[in-house]
Amino acid sequence: MTLLVSNAIGAFVYVAEASNSWAIPEEHCVVPVTGEPLVWFTYVAPVFAVFTVVNMIWGAFILRDRQWQSGRLWLLAGLIWLVGIVIDFAHHC
């Protein structure tokens with residue numbers, strides 16, 4: 001349960017940091033070149049990378065120990081991250 005809560009917090013931080021690179025609504029798809037890739041990589045990629053590694057290790061423990069109940073929480077964590085990523089990508093042109 002702790003890893004699920006930390007994933008929810010991580011996904012929230014991901015979306016909060018990614019919002020710095022979102023296009024201004026009035027300029028959405030009008031300005032073709034912005035600094036968003038650099039901002040995204042600088043602020044968001046490290047958060048995503050850390051949680052990817054943590055979740056891969058968590059998944060390996062689930063498989064090794066056959067903890068299928070924990071596997072449901074792991075899948076729920078993946079769903080939380082999917083929602084965060086969809087929110088982020090919905091704000092890019």
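In this text, all values refer to a predicted model and were calculated from it rather than measured experimentally. Note that these values count all heavy atoms, side chains included, but never hydrogens, waters or copies made by symmetry. Counting begins at 1 with the first residue of the sequence.
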Can you tell me how the ring of W81 sits relative to the ring of F51, calling it parallel under 30°, perpendicular over 60° and tilted otherwise?
tilted

Shortest non-hydrogen pair, I80 vs A8, comes out as CG2-CA, 3.9 Å

Taking all non-hydrogen atoms of both residues into account, name the closest pair between S19 and A16 and its distance.
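Residues S19 and A16, closest heavy atoms: OG-O, 2.6 Å.
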
I'd like to know if [Y] and [X] are part of one continuous hydrophobic network [Ile/Leu/Val/Met/Phe/Trp/Tyr, side-chain heavy atoms within less than 4.5 Å].
{"X": "L75", "Y": "M56", "answer": "no"}
{"X": "I62", "Y": "L79", "answer": "yes"}
{"X": "V83", "Y": "I85", "answer": "yes"}
{"X": "L76", "Y": "I57", "answer": "no"}
{"X": "F89", "Y": "F48", "answer": "yes"}

Donor-acceptor pairs under 3.5 Å, side chain of residues 63-72 to any protein atom, not counting sequence neighbours: which ones?
from : atom 1 : to  : atom 2 : distance (Å)
Q69  : OE1    : R72 : NH1    : 2.5
S70  : OG     : W58 : NE1    : 3.2

Quick one: are L3 and L73 in side-chain contact, heavy atoms under 4.5 Å?
no

Is any side-chain heavy atom of L4 closer than 4.5 Å to one of W74?
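Answer no - side chains too far apart.
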
